[in-house]
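Each remark here refers to the structure printed beneath this line.
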Amino acid sequence: MGVGGISRLGDYSFRLERGFLPGMRRTARVFVTEVGLEAARADGSLEQLARTAALPGGVGEVLAMPDVHRGYGFPIGGVAAFAADGDGVVSPGGVGYDINCGVRLLVTPLGEDEVRARIEELADALFAAVPCGVGAGARRALSGRELRKVLIRGARWAVEHGLGFAGDLEACESGGALEEVDPEAVSDRARERGRGQLGTLGSGNHFLEVQRVAEVLDEEVAGVWGVDEPGRVAVMIHCGSRGLGHQVCDDYLKRLRGSAESASSGELVSAPVESGAGRAYLGAMAAAANYAWANRQVITAEVRRVLAELFGRAAGASPLLYDVAHNIAKFEEHRLEGVTRRLLVHRKGATRAFPAGHPELASRFREHGQPVILPGDMGTASYLMVGEPGVLELSFGSTGHGAGRVLSRRAAVKRLRGRDVRAELAERGVSVRWEGRRTLYEEHPEAYKDIDEVVAVCRGAGLARPVVRLEPLAVIKG
DNA sequence: ATGTCC
(Lines give C-alpha, C1' and ligand atoms only; values in the text may rest on other atoms or scores of the structure.)
Protein backbone atom coordinates (compact mmCIF):
# COMPACT_ATOMS: atom_id res chain seq x y z
CA MET A 1 0.00 0.00 0.00
CA GLY A 2 1.16 3.53 -0.74
CA VAL A 3 1.68 6.34 1.71
CA GLY A 4 -1.43 7.33 3.66
CA GLY A 5 -3.55 4.63 2.02
CA ILE A 6 -2.99 5.97 -1.49
CA SER A 7 -1.24 3.96 -4.23
CA ARG A 8 -0.02 5.39 -7.50
CA LEU A 9 -1.24 3.36 -10.50
CA GLY A 10 0.06 5.58 -13.29
CA ASP A 11 0.61 9.17 -14.38
CA TYR A 12 -3.10 9.90 -14.19
CA SER A 13 -4.40 7.30 -11.81
CA PHE A 14 -4.31 6.75 -8.04
CA ARG A 15 -6.07 4.27 -5.77
CA LEU A 16 -7.51 4.95 -2.34
CA GLU A 17 -6.86 1.66 -0.57
CA ARG A 18 -9.29 0.42 2.05
CA GLY A 19 -6.89 1.63 4.72
CA PHE A 20 -7.41 5.23 3.58
CA LEU A 21 -10.47 5.60 5.82
CA PRO A 22 -12.01 3.12 8.30
CA GLY A 23 -15.19 1.49 7.05
CA MET A 24 -14.34 1.43 3.33
CA ARG A 25 -15.85 -1.70 1.75
CA ARG A 26 -14.08 -1.17 -1.57
CA THR A 27 -11.26 0.84 -3.06
CA ALA A 28 -11.63 4.10 -5.00
CA ARG A 29 -9.76 5.11 -8.11
CA VAL A 30 -8.98 8.73 -8.89
CA PHE A 31 -8.06 9.78 -12.44
CA VAL A 32 -6.00 12.89 -11.77
CA THR A 33 -2.46 14.24 -11.91
CA GLU A 34 -0.42 14.56 -8.73
CA VAL A 35 -1.49 18.21 -8.53
CA GLY A 36 -5.12 17.14 -9.01
CA LEU A 37 -4.76 14.55 -6.23
CA GLU A 38 -3.56 17.20 -3.79
CA ALA A 39 -6.44 19.50 -4.78
CA ALA A 40 -8.91 16.63 -4.23
CA ARG A 41 -7.38 15.93 -0.83
CA ALA A 42 -7.52 19.60 0.12
CA ASP A 43 -11.15 20.19 -0.83
CA GLY A 44 -12.36 17.01 0.89
CA SER A 45 -13.39 15.11 -2.22
CA LEU A 46 -11.05 12.18 -1.44
CA GLU A 47 -12.78 11.77 1.90
CA GLN A 48 -16.17 11.94 0.14
CA LEU A 49 -15.03 9.17 -2.23
CA ALA A 50 -13.91 7.04 0.70
CA ARG A 51 -17.27 7.53 2.46
CA THR A 52 -19.05 6.55 -0.75
CA ALA A 53 -16.89 3.42 -0.81
CA ALA A 54 -18.23 2.60 2.67
CA LEU A 55 -21.83 2.29 1.43
CA PRO A 56 -23.24 -1.25 1.15
CA GLY A 57 -23.93 -3.09 -2.09
CA GLY A 58 -21.18 -1.46 -4.12
CA VAL A 59 -19.76 -3.13 -7.22
CA GLY A 60 -16.28 -2.47 -8.59
CA GLU A 61 -14.37 0.61 -7.52
CA VAL A 62 -15.69 4.07 -6.69
CA LEU A 63 -14.27 6.43 -9.31
CA ALA A 64 -13.34 10.07 -9.64
CA MET A 65 -13.03 11.80 -13.00
CA PRO A 66 -10.27 14.34 -13.78
CA ASP A 67 -12.52 17.32 -12.96
CA VAL A 68 -13.43 16.00 -9.49
CA HIS A 69 -14.29 18.48 -6.76
CA ARG A 70 -16.29 18.55 -3.55
CA GLY A 71 -20.07 18.26 -3.83
CA TYR A 72 -22.98 17.63 -1.49
CA GLY A 73 -22.24 14.27 0.15
CA PHE A 74 -20.69 12.83 -2.99
CA PRO A 75 -18.05 14.54 -5.13
CA ILE A 76 -18.86 16.19 -8.43
CA GLY A 77 -16.94 14.07 -10.91
CA GLY A 78 -17.78 10.94 -8.92
CA VAL A 79 -19.01 7.65 -10.37
CA ALA A 80 -20.29 4.77 -8.23
CA ALA A 81 -22.04 1.55 -9.22
CA PHE A 82 -24.22 -0.55 -6.92
CA ALA A 83 -26.05 -3.84 -7.36
CA ALA A 84 -29.47 -3.21 -8.91
CA ASP A 85 -30.97 -5.58 -6.35
CA GLY A 86 -30.04 -7.20 -3.05
CA ASP A 87 -28.04 -4.83 -0.86
CA GLY A 88 -27.39 -2.22 -3.61
CA VAL A 89 -28.31 1.36 -2.70
CA VAL A 90 -29.29 4.58 -4.43
CA SER A 91 -28.10 7.97 -3.18
CA PRO A 92 -29.70 11.31 -4.15
CA GLY A 93 -26.37 12.99 -3.39
CA GLY A 94 -24.79 10.70 -5.98
CA VAL A 95 -26.99 12.32 -8.63
CA GLY A 96 -26.94 15.88 -7.39
CA TYR A 97 -29.39 18.75 -7.01
CA ASP A 98 -29.68 19.41 -10.72
CA ILE A 99 -31.07 16.05 -11.83
CA ASN A 100 -30.12 15.37 -15.47
CA CYS A 101 -28.14 18.50 -15.88
CA GLY A 102 -26.77 17.88 -19.35
CA VAL A 103 -25.52 19.24 -22.62
CA ARG A 104 -26.60 19.01 -26.25
CA LEU A 105 -25.08 20.18 -29.49
CA LEU A 106 -26.89 21.29 -32.64
CA VAL A 107 -24.77 21.36 -35.77
CA THR A 108 -25.85 24.10 -38.17
CA PRO A 109 -25.13 24.21 -41.92
CA LEU A 110 -23.69 27.70 -41.39
CA GLY A 111 -20.11 28.92 -41.61
CA GLU A 112 -18.28 31.20 -39.20
CA ASP A 113 -18.18 34.24 -41.51
CA GLU A 114 -21.89 34.51 -42.25
CA VAL A 115 -22.71 34.08 -38.57
CA ARG A 116 -20.10 36.55 -37.32
CA ALA A 117 -21.54 39.13 -39.71
CA ARG A 118 -24.84 38.99 -37.78
CA ILE A 119 -23.64 37.82 -34.38
CA GLU A 120 -25.10 40.71 -32.32
CA GLU A 121 -28.49 40.23 -33.93
CA LEU A 122 -28.31 36.47 -33.32
CA ALA A 123 -27.24 36.89 -29.68
CA ASP A 124 -30.10 39.35 -29.07
CA ALA A 125 -32.62 37.04 -30.70
CA LEU A 126 -31.49 33.99 -28.68
CA PHE A 127 -31.45 35.99 -25.45
CA ALA A 128 -34.99 37.15 -26.18
CA ALA A 129 -36.18 33.66 -27.15
CA VAL A 130 -34.93 31.66 -24.16
CA PRO A 131 -35.84 32.88 -20.66
CA CYS A 132 -32.82 32.73 -18.39
CA GLY A 133 -31.65 33.65 -14.93
CA VAL A 134 -32.52 32.54 -11.39
CA GLY A 135 -36.22 31.75 -11.15
CA ALA A 136 -36.82 32.43 -14.85
CA GLY A 137 -40.28 31.38 -15.97
CA ALA A 138 -41.70 30.26 -19.29
CA ARG A 139 -44.18 32.51 -21.10
CA ARG A 140 -46.88 29.93 -20.56
CA ALA A 141 -47.27 27.52 -17.66
CA LEU A 142 -48.30 23.92 -18.27
CA SER A 143 -51.41 22.44 -16.67
CA GLY A 144 -50.78 19.77 -14.07
CA ARG A 145 -52.11 17.23 -16.54
CA GLU A 146 -49.69 18.29 -19.28
CA LEU A 147 -46.75 18.39 -16.88
CA ARG A 148 -47.49 14.78 -15.97
CA LYS A 149 -47.09 13.86 -19.64
CA VAL A 150 -43.77 15.71 -19.75
CA LEU A 151 -42.55 13.74 -16.72
CA ILE A 152 -43.48 10.45 -18.38
CA ARG A 153 -42.43 11.14 -21.97
CA GLY A 154 -39.41 13.47 -21.67
CA ALA A 155 -38.06 14.88 -24.94
CA ARG A 156 -40.68 12.83 -26.82
CA TRP A 157 -43.40 15.03 -25.32
CA ALA A 158 -41.82 18.06 -27.00
CA VAL A 159 -41.32 16.30 -30.34
CA GLU A 160 -44.96 15.17 -30.29
CA HIS A 161 -45.93 18.82 -29.85
CA GLY A 162 -44.04 19.84 -32.97
CA LEU A 163 -40.95 20.98 -31.06
CA GLY A 164 -38.40 18.82 -32.82
CA PHE A 165 -37.80 15.93 -35.17
CA ALA A 166 -37.99 12.18 -34.57
CA GLY A 167 -34.21 12.03 -35.15
CA ASP A 168 -33.67 14.25 -32.11
CA LEU A 169 -34.78 11.43 -29.83
CA GLU A 170 -32.25 8.89 -31.03
CA ALA A 171 -29.57 11.54 -30.59
CA CYS A 172 -30.37 11.65 -26.85
CA GLU A 173 -28.91 9.31 -24.26
CA SER A 174 -31.65 6.84 -23.33
CA GLY A 175 -33.79 8.25 -26.17
CA GLY A 176 -34.53 11.38 -24.14
CA ALA A 177 -36.63 9.59 -21.50
CA LEU A 178 -36.05 7.11 -18.70
CA GLU A 179 -38.64 4.41 -18.21
CA GLU A 180 -39.89 3.35 -14.77
CA VAL A 181 -41.05 6.89 -14.02
CA ASP A 182 -43.27 7.50 -11.01
CA PRO A 183 -44.92 10.93 -11.38
CA GLU A 184 -46.79 10.38 -8.09
CA ALA A 185 -43.40 10.26 -6.33
CA VAL A 186 -42.81 13.88 -7.37
CA SER A 187 -44.17 16.19 -4.66
CA ASP A 188 -46.91 18.75 -5.37
CA ARG A 189 -44.41 21.48 -4.66
CA ALA A 190 -41.90 20.12 -7.17
CA ARG A 191 -44.62 19.82 -9.80
CA GLU A 192 -45.83 23.35 -9.06
CA ARG A 193 -42.29 24.66 -9.60
CA GLY A 194 -41.97 22.67 -12.81
CA ARG A 195 -45.22 23.83 -14.42
CA GLY A 196 -43.93 27.29 -15.21
CA GLN A 197 -40.29 26.64 -16.11
CA LEU A 198 -40.23 24.36 -19.13
CA GLY A 199 -38.03 25.83 -21.87
CA THR A 200 -35.92 27.98 -19.54
CA LEU A 201 -32.15 28.02 -19.18
CA GLY A 202 -31.60 28.80 -15.49
CA SER A 203 -28.42 30.30 -14.10
CA GLY A 204 -24.96 29.41 -12.80
CA ASN A 205 -22.85 27.48 -15.27
CA HIS A 206 -25.82 26.86 -17.55
CA PHE A 207 -25.50 28.49 -20.94
CA LEU A 208 -26.53 28.73 -24.53
CA GLU A 209 -23.57 29.23 -26.86
CA VAL A 210 -23.05 29.82 -30.54
CA GLN A 211 -19.75 28.09 -31.28
CA ARG A 212 -17.45 27.39 -34.19
CA VAL A 213 -15.40 24.29 -34.88
CA ALA A 214 -11.94 25.59 -33.97
CA GLU A 215 -9.87 22.44 -34.31
CA VAL A 216 -10.48 18.93 -35.61
CA LEU A 217 -8.49 16.39 -33.60
CA ASP A 218 -9.95 13.14 -34.94
CA GLU A 219 -10.83 13.52 -38.63
CA GLU A 220 -12.58 10.19 -39.01
CA VAL A 221 -14.92 10.47 -36.05
CA ALA A 222 -15.53 14.18 -36.68
CA GLY A 223 -16.47 13.27 -40.25
CA VAL A 224 -19.06 10.75 -39.12
CA TRP A 225 -20.49 13.35 -36.73
CA GLY A 226 -20.55 16.10 -39.39
CA VAL A 227 -18.19 18.43 -37.52
CA ASP A 228 -14.98 17.96 -39.53
CA GLU A 229 -15.03 21.35 -41.21
CA PRO A 230 -13.19 24.14 -39.31
CA GLY A 231 -15.42 27.21 -38.96
CA ARG A 232 -18.66 25.22 -38.98
CA VAL A 233 -21.12 26.78 -36.54
CA ALA A 234 -22.79 24.78 -33.78
CA VAL A 235 -25.09 25.68 -30.88
CA MET A 236 -24.49 24.18 -27.44
CA ILE A 237 -27.20 24.06 -24.79
CA HIS A 238 -26.23 23.31 -21.17
CA CYS A 239 -29.05 23.14 -18.62
CA GLY A 240 -31.04 20.82 -16.41
CA SER A 241 -34.30 20.24 -14.57
CA ARG A 242 -34.62 23.69 -12.94
CA GLY A 243 -36.67 24.06 -9.78
CA LEU A 244 -38.47 20.74 -10.25
CA GLY A 245 -35.29 18.64 -10.10
CA HIS A 246 -33.93 20.71 -7.25
CA GLN A 247 -37.12 20.18 -5.26
CA VAL A 248 -37.07 16.41 -5.92
CA CYS A 249 -33.51 16.19 -4.61
CA ASP A 250 -34.36 18.29 -1.56
CA ASP A 251 -37.53 16.27 -0.82
CA TYR A 252 -35.73 12.92 -0.91
CA LEU A 253 -32.66 14.03 1.01
CA LYS A 254 -35.06 15.00 3.81
CA ARG A 255 -37.16 11.85 3.49
CA LEU A 256 -34.17 9.51 3.42
CA ARG A 257 -32.43 11.32 6.26
CA GLY A 258 -35.34 10.45 8.51
CA SER A 259 -36.02 7.00 7.12
CA ALA A 260 -35.35 3.74 8.93
CA GLU A 261 -34.46 2.21 5.56
CA SER A 262 -31.77 4.78 4.95
CA ALA A 263 -28.09 4.19 5.61
CA SER A 264 -27.28 7.82 6.18
CA SER A 265 -24.24 9.47 7.63
CA GLY A 266 -24.10 13.24 7.49
CA GLU A 267 -24.56 14.54 3.96
CA LEU A 268 -24.35 11.12 2.34
CA VAL A 269 -27.79 9.54 2.54
CA SER A 270 -28.87 6.44 0.66
CA ALA A 271 -31.54 3.77 0.63
CA PRO A 272 -31.62 0.24 -0.79
CA VAL A 273 -32.67 0.26 -4.45
CA GLU A 274 -35.41 -2.22 -3.58
CA SER A 275 -36.76 -0.34 -0.55
CA GLY A 276 -39.92 1.79 -0.69
CA ALA A 277 -37.95 5.01 -0.29
CA GLY A 278 -35.28 3.93 -2.78
CA ARG A 279 -37.86 3.05 -5.43
CA ALA A 280 -39.75 6.27 -4.84
CA TYR A 281 -36.60 8.35 -5.26
CA LEU A 282 -35.67 6.52 -8.47
CA GLY A 283 -39.17 7.06 -9.88
CA ALA A 284 -39.07 10.76 -9.01
CA MET A 285 -35.50 11.10 -10.28
CA ALA A 286 -36.56 9.57 -13.62
CA ALA A 287 -39.43 12.07 -13.83
CA ALA A 288 -37.06 14.97 -13.16
CA ALA A 289 -34.58 13.60 -15.71
CA ASN A 290 -37.37 13.46 -18.28
CA TYR A 291 -38.32 17.05 -17.46
CA ALA A 292 -34.71 18.09 -18.15
CA TRP A 293 -34.73 16.33 -21.53
CA ALA A 294 -38.00 18.02 -22.43
CA ASN A 295 -36.52 21.32 -21.25
CA ARG A 296 -33.50 21.02 -23.54
CA GLN A 297 -35.81 19.96 -26.39
CA VAL A 298 -38.09 23.00 -25.98
CA ILE A 299 -35.04 25.30 -25.91
CA THR A 300 -33.79 23.55 -29.05
CA ALA A 301 -37.05 24.40 -30.82
CA GLU A 302 -36.62 28.07 -29.87
CA VAL A 303 -33.03 28.05 -31.12
CA ARG A 304 -34.11 26.52 -34.43
CA ARG A 305 -36.89 29.08 -34.79
CA VAL A 306 -34.36 31.90 -34.33
CA LEU A 307 -31.90 30.28 -36.76
CA ALA A 308 -34.66 29.90 -39.36
CA GLU A 309 -35.70 33.54 -39.00
CA LEU A 310 -32.16 34.84 -39.40
CA PHE A 311 -30.53 32.31 -41.69
CA GLY A 312 -33.30 30.42 -43.44
CA ARG A 313 -34.99 27.07 -43.52
CA ALA A 314 -31.91 24.82 -43.59
CA ALA A 315 -30.44 26.49 -40.49
CA GLY A 316 -33.80 26.06 -38.77
CA ALA A 317 -33.55 22.31 -39.36
CA SER A 318 -30.05 22.00 -37.80
CA PRO A 319 -29.73 18.41 -36.61
CA LEU A 320 -29.04 17.47 -33.03
CA LEU A 321 -25.69 15.67 -32.85
CA TYR A 322 -26.17 14.38 -29.31
CA ASP A 323 -27.51 15.07 -25.81
CA VAL A 324 -25.66 13.81 -22.71
CA ALA A 325 -26.82 13.60 -19.10
CA HIS A 326 -24.07 14.35 -16.58
CA ASN A 327 -26.06 14.16 -13.30
CA ILE A 328 -28.01 10.91 -13.26
CA ALA A 329 -28.23 7.34 -11.98
CA LYS A 330 -29.01 4.67 -14.56
CA PHE A 331 -29.58 0.95 -14.65
CA GLU A 332 -26.95 -0.52 -16.98
CA GLU A 333 -25.41 -3.90 -17.70
CA HIS A 334 -21.66 -4.17 -17.16
CA ARG A 335 -19.27 -7.08 -17.43
CA LEU A 336 -17.06 -7.65 -14.40
CA GLU A 337 -14.61 -10.54 -14.19
CA GLY A 338 -16.45 -12.35 -16.95
CA VAL A 339 -19.91 -11.95 -15.43
CA THR A 340 -22.55 -9.54 -16.78
CA ARG A 341 -24.45 -7.78 -14.00
CA ARG A 342 -27.26 -5.26 -13.85
CA LEU A 343 -26.03 -2.24 -11.92
CA LEU A 344 -27.25 1.17 -10.84
CA VAL A 345 -24.51 3.54 -12.02
CA HIS A 346 -24.46 6.99 -10.41
CA ARG A 347 -22.75 9.68 -12.46
CA LYS A 348 -22.57 13.07 -10.78
CA GLY A 349 -20.67 15.59 -12.85
CA ALA A 350 -19.50 12.70 -15.01
CA THR A 351 -20.43 11.87 -18.60
CA ARG A 352 -21.32 8.49 -20.02
CA ALA A 353 -18.78 7.63 -22.72
CA PHE A 354 -19.98 4.34 -24.17
CA PRO A 355 -17.36 3.28 -26.73
CA ALA A 356 -17.50 1.69 -30.17
CA GLY A 357 -19.64 -1.43 -30.32
CA HIS A 358 -21.76 -0.78 -27.24
CA PRO A 359 -25.18 -2.41 -27.78
CA GLU A 360 -27.07 0.46 -26.12
CA LEU A 361 -25.96 2.97 -28.78
CA ALA A 362 -28.05 3.97 -31.78
CA SER A 363 -26.67 2.40 -34.98
CA ARG A 364 -25.26 5.73 -36.12
CA PHE A 365 -22.87 5.78 -33.15
CA ARG A 366 -22.20 2.05 -32.88
CA GLU A 367 -19.05 2.05 -35.00
CA HIS A 368 -17.13 4.81 -33.21
CA GLY A 369 -18.88 5.34 -29.88
CA GLN A 370 -21.24 8.02 -28.60
CA PRO A 371 -20.34 11.71 -28.71
CA VAL A 372 -19.20 12.95 -25.31
CA ILE A 373 -19.83 16.67 -24.80
CA LEU A 374 -17.62 18.64 -22.39
CA PRO A 375 -18.89 22.18 -21.94
CA GLY A 376 -16.19 24.68 -21.07
CA ASP A 377 -16.54 27.91 -19.16
CA MET A 378 -17.85 31.14 -20.63
CA GLY A 379 -15.59 32.46 -23.32
CA THR A 380 -13.01 29.66 -23.61
CA ALA A 381 -13.66 26.34 -25.31
CA SER A 382 -15.74 23.18 -25.24
CA TYR A 383 -14.90 19.72 -26.59
CA LEU A 384 -16.45 16.76 -28.27
CA MET A 385 -14.74 13.57 -27.17
CA VAL A 386 -15.24 9.85 -27.71
CA GLY A 387 -14.74 6.97 -25.28
CA GLU A 388 -11.54 4.95 -25.57
CA PRO A 389 -11.84 1.16 -25.99
CA GLY A 390 -11.00 0.39 -22.34
CA VAL A 391 -13.38 2.92 -20.77
CA LEU A 392 -16.04 0.37 -19.79
CA GLU A 393 -13.54 -1.57 -17.69
CA LEU A 394 -11.87 1.54 -16.25
CA SER A 395 -14.89 3.60 -15.23
CA PHE A 396 -18.16 1.85 -16.20
CA GLY A 397 -17.91 3.86 -19.41
CA SER A 398 -17.56 7.32 -17.85
CA THR A 399 -15.38 10.39 -18.30
CA GLY A 400 -15.23 14.01 -17.13
CA HIS A 401 -17.97 16.60 -17.64
CA GLY A 402 -16.18 19.91 -18.09
CA ALA A 403 -14.05 22.47 -16.35
CA GLY A 404 -14.76 22.40 -12.63
CA ARG A 405 -14.63 25.53 -10.50
CA VAL A 406 -11.40 26.69 -8.90
CA LEU A 407 -12.96 29.74 -7.22
CA SER A 408 -16.21 29.69 -5.28
CA ARG A 409 -18.81 32.11 -6.54
CA ARG A 410 -18.19 34.39 -3.64
CA ALA A 411 -14.41 34.31 -4.16
CA ALA A 412 -14.86 34.95 -7.88
CA VAL A 413 -17.04 38.02 -7.29
CA LYS A 414 -14.59 39.34 -4.71
CA ARG A 415 -11.59 38.91 -6.99
CA LEU A 416 -13.14 40.07 -10.27
CA ARG A 417 -15.57 42.84 -9.33
CA GLY A 418 -14.64 46.02 -11.15
CA ARG A 419 -13.36 44.24 -14.26
CA ASP A 420 -15.11 44.87 -17.56
CA VAL A 421 -15.81 41.24 -18.36
CA ARG A 422 -18.00 42.09 -21.35
CA ALA A 423 -15.08 43.97 -22.91
CA GLU A 424 -12.62 41.17 -22.04
CA LEU A 425 -14.83 38.67 -23.85
CA ALA A 426 -15.39 41.04 -26.78
CA GLU A 427 -11.63 41.26 -27.20
CA ARG A 428 -11.59 37.48 -27.61
CA GLY A 429 -14.33 37.75 -30.21
CA VAL A 430 -17.09 36.55 -27.88
CA SER A 431 -20.36 38.44 -27.64
CA VAL A 432 -22.16 37.94 -24.34
CA ARG A 433 -25.71 38.44 -23.03
CA TRP A 434 -26.54 37.83 -19.37
CA GLU A 435 -29.28 38.23 -16.81
CA GLY A 436 -27.84 38.22 -13.27
CA ARG A 437 -25.90 41.11 -11.73
CA ARG A 438 -22.98 38.92 -10.62
CA THR A 439 -23.07 36.34 -13.41
CA LEU A 440 -20.09 37.63 -15.39
CA TYR A 441 -17.88 37.56 -12.28
CA GLU A 442 -19.13 34.21 -10.97
CA GLU A 443 -18.74 32.60 -14.37
CA HIS A 444 -15.50 34.26 -15.43
CA PRO A 445 -12.96 31.90 -17.05
CA GLU A 446 -10.57 32.58 -14.14
CA ALA A 447 -13.12 30.98 -11.78
CA TYR A 448 -12.79 27.68 -13.67
CA LYS A 449 -10.14 25.04 -14.28
CA ASP A 450 -8.48 24.90 -17.66
CA ILE A 451 -10.66 22.67 -19.86
CA ASP A 452 -7.60 21.67 -21.94
CA GLU A 453 -6.05 20.21 -18.80
CA VAL A 454 -9.23 18.21 -18.04
CA VAL A 455 -9.29 16.91 -21.63
CA ALA A 456 -5.59 15.98 -21.46
CA VAL A 457 -6.08 14.00 -18.25
CA CYS A 458 -9.17 12.22 -19.62
CA ARG A 459 -7.05 11.19 -22.58
CA GLY A 460 -3.97 10.34 -20.52
CA ALA A 461 -6.03 8.16 -18.21
CA GLY A 462 -7.39 6.21 -21.19
CA LEU A 463 -11.01 7.29 -20.67
CA ALA A 464 -11.76 9.37 -23.78
CA ARG A 465 -9.97 11.25 -26.53
CA PRO A 466 -10.78 14.63 -28.06
CA VAL A 467 -12.51 14.77 -31.44
CA VAL A 468 -13.25 18.48 -31.91
CA ARG A 469 -12.48 21.70 -30.08
CA LEU A 470 -15.28 24.28 -30.21
CA GLU A 471 -14.86 27.97 -29.43
CA PRO A 472 -17.65 30.45 -28.66
CA LEU A 473 -18.83 33.31 -30.84
CA ALA A 474 -21.72 34.28 -28.57
CA VAL A 475 -22.70 33.28 -25.03
CA ILE A 476 -26.12 33.57 -23.37
CA LYS A 477 -25.99 33.23 -19.56
CA GLY A 478 -28.55 33.29 -16.76
C1' DA B 1 -27.49 23.82 -9.16
C1' DT B 2 -31.66 26.38 -6.52
C1' DG B 3 -38.12 31.27 -6.11
C1' DT B 4 -29.05 31.19 -3.61
C1' DC B 5 -33.74 30.70 3.80
C1' DC B 6 -40.98 28.42 4.03
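Chain A is the first sequence line, chain B the second, and so forth, proteins listed ahead of strands; every chain is numbered from 1. A quick note: this is a predicted structure, and the numbers were derived from the prediction, not measured.
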_I'd like to know if Lys449(A) and Glu453(A) make a salt bridge, using a cut-off of under 4.0 Å between side-chain N and carboxylate O._
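A salt bridge is absent here (no side-chain N lies under 4.0 Å from a carboxylate O).
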
Please report the distance, rounded to the nearest Å, between [atom1] in [X] and [atom2] in [N].
X         : N      : atom1 : atom2 : answer
Asp251(A) : dC6(B) : CG    : C1'   : 13 Å
Tyr291(A) : dT2(B) : OH    : P     : 11 Å
Arg438(A) : dT2(B) : CZ    : C1'   : 13 Å
Asn327(A) : dT2(B) : CG    : P     : 11 Å
Tyr72(A)  : dT2(B) : OH    : P     : 18 Å
His246(A) : dC6(B) : NE2   : P     : 9 Å
Gln197(A) : dT2(B) : CD    : P     : 8 Å
Gln247(A) : dT2(B) : CD    : P     : 13 Å

*Roughly how far, to the nearest 0.5 Å, is CG of Leu282(A) from CD of Glu274(A)?*
11.0 Å

*Parallel, tilted or perpendicular for His401(A) and His69(A), by the 30°/60° rule?*
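If you compare the ring of His401(A) with that of His69(A), the planes turn out parallel.
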
*Considering only dC6(B), dT4(B), dT2(B), which nucleotide approaches the side chain of Arg189(A) most closely?*
dC6(B)

*Measure from the side-chain heavy atoms of Arg242(A) and tell me the nearest of dT2(B), dT4(B), dC6(B).*
dT2(B)

*Look at all strands and tell whether Glu442(A) reaches a base, only sugar-phosphate, or nothing, counting heavy atoms closer than 4.0 Å.*
nothing

*Using a heavy-atom cut-off of under 4.0 Å over every strand shown, decide if Gly240(A) touches base, sugar-phosphate, or nothing.*
nothing

*Are OP1 or OP2 of dT4(B) and a side-chain N or O of Ser203(A) less than 4.0 angstrom apart?*
no

*asked:* Heavy-atom count check: over 12 atoms from other residues, nucleotides or ligands less than 6.0 Å from Arg352(A) CZ?
replied: yes

